[in-house]
Number of protein chains: 2
Amino acid sequence: MAAAPAVTTVFGALSDPTRLAIVERLLTEGEHSAGEIAAPFAISKPAISKHLRVLEEAGLIERRVARQWRVCRIRPEAIQVVDDWMQQYRRFWEGSFDRLEKLLAAREGEESDNGRPDK
Amino acid sequence: MAAAPAVTTVFGALSDPTRLAIVERLLTEGEHSAGEIAAPFAISKPAISKHLRVLEEAGLIERRVARQWRVCRIRPEAIQVVDDWMQQYRRFWEGSFDRLEKLLAAREGEESDNGRPDK
DNA sequence: CCATTATTTAATCAAATGGTTAATTTATTG
DNA sequence: CAATAAATTAACCATTTGATTAAATAATGG
């Protein structure tokens with residue numbers, strides 16, 4: 001059982017536009033070889049190869065050898081890690097929208113804000 | 001209207017453990033001053049200050065001045081950007097789990113896989 | 001086996017990142 | 001206004017990152 005990657009590691013892997021585009025393509029189109037993945041990009045093959053390694057080490061993709069190709073596919077478990085994080089904090093950030101509205105509304109009426117931070 | 005940050009920028013901001021911890025605390029506890037945010041960490045104040053700047057530039061927090069403090073709060077819009085991304089690709093990665101199961105199940109029976117990548 | 005195709009590894013480099021300490025700014029308070 | 005408190009900016013440094021080109025490895029096909 002591959003241990004679930006840390007959410008910061010997954011975030012880091014998805015923070016590069018090239019890697020995000022690779023992930024999006026594998027998500028929507030399924031498996032692709034390294035060469036197919038590299039094709040749309042202006043950067044070199046070795047650069048793509050290193051991005052694939054980062055994605056693999058973050059648990060976002062896995063590779064298998066098929067004839068002369070190394071084929072990549074998404075590991076949805078890693079994306080689940082992000083979804084779990086969102087889920088864990090959802091009520092807080094969804095609540096923030098409401099609190100923000102309330103705060104702005106309150107600011108309209110009274111102006112008795114001592115400005116001291118919480119705690 | 002602050003433009004919605006790019007999802008890669010938000011991922012980058014959340015990819016550092018210190019910054020993620022700051023975000024989690026602001027989410028669960030609400031507003032805090034820079035000093036209160038810095039307190040639990042072993043690193044210097046300036047280091048925290050720079051992390052707060054990264055979070056601000058990624059649209060994840062906003063700061064206001066209140067007496068001698070600079071108070072930070074979450075901007076849920078930035079987290080929404082991540083949620084939107086997840087939502088956009090949800091059916092694909094949730095589908096991947098099923099396809100993976102099916103693939104593994106199929107591999108049990110037949111073994112006629114030519115191994116050629118898609119396309 | 002030798003050539004070709006597919007991909008990675010090695011060596012290198014500039015720029016970005018995350019940290020430090022010292023100095024500066026900004027605001028409050030005696 | 002001088003002293004203190006809160007936070008940032010400046011200058012610096014080591015490490016990591018994202019890229020390159022050249023060389024090496026792996027698998028297929030003639």
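Keep in mind the model is a prediction, meaning the values are calculated, not measured. What's counted below: heavy atoms across the whole structure, side chains too, no hydrogens, waters or symmetry copies.
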Please check the phosphate of [N] (OP1 and OP2 only) for any side-chain N or O of [X] closer than 4.0 Å.
X       : N      : result
A/Arg67 : D/dG29 : yes
A/His51 : D/dA19 : yes
A/Ser49 : C/dT9  : no
B/Arg63 : D/dT8  : yes
A/Arg19 : D/dG18 : yes

### Task
First locate atom CD1 of A/Ile74, then atom CG of A/Leu27, and finally report the distance between them rounded to the nearest 0.5 Å.
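Result: 4.0 Å between the selected atoms.
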Spacing of [X] atom [atom1] relative to [N] atom [atom2], expressed in whole Å:
X       : N      : atom1 : atom2 : answer
B/Leu14 : C/dG18 : CG    : P     : 12 Å
A/Lys45 : C/dT5  : NZ    : C1'   : 9 Å
B/Leu52 : D/dA7  : CG    : C1'   : 10 Å
A/Glu31 : C/dA6  : CD    : C1'   : 17 Å
A/Leu55 : C/dT7  : CG    : P     : 16 Å

Which pairs would a plain distance check flag for residues 41-55 of chain B, meaning a side-chain donor or acceptor within less than 3.5 Å of a matching protein atom at least two apart in sequence or in another chain?
from: B/Ser44; atom 1: OG; to: B/Ala47; atom 2: N; distance (Å): 3.3
from: B/His51; atom 1: ND1; to: B/Arg19; atom 2: NH1; distance (Å): 3.1

### Task
Would you please test A/Glu31 and A/Leu26 for side-chain contact (heavy atoms from CB on, under 4.5 Å) and show each step?
CA-CA 6 Å; A/Glu31 295 189 342; A/Leu26 292 177; 5.9 Å; no
### Message
Both A/Ala42 and B/Ile48 contact DNA chain D. Taking the nearest nucleotide for each, which residue is further toward the 5' end?
### Response
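Here B/Ile48 is the residue nearer the 5' end.
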### Query
So which one's nearest nucleotide on DNA chain D is more toward 5', B/Arg70 or A/Ser44?
B/Arg70
### Task
Have a look at A/Arg73 and tell me which of A/Glu62, A/Glu29, A/Glu56 forms a salt bridge (Lys or Arg N to Asp or Glu O under 4.0 Å) with it.
A/Glu62
### Query
Is any N or O donor-acceptor pair between the side chain of A/Lys50 and the base of D/dA19 shorter than 3.5 Å?
yes
### Task
Looking at every strand, decide which applies to A/Ala47 at a 4.0 Å heavy-atom threshold: base, sugar-phosphate, or nothing.
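Base, at least one base heavy atom under 4.0 Å.
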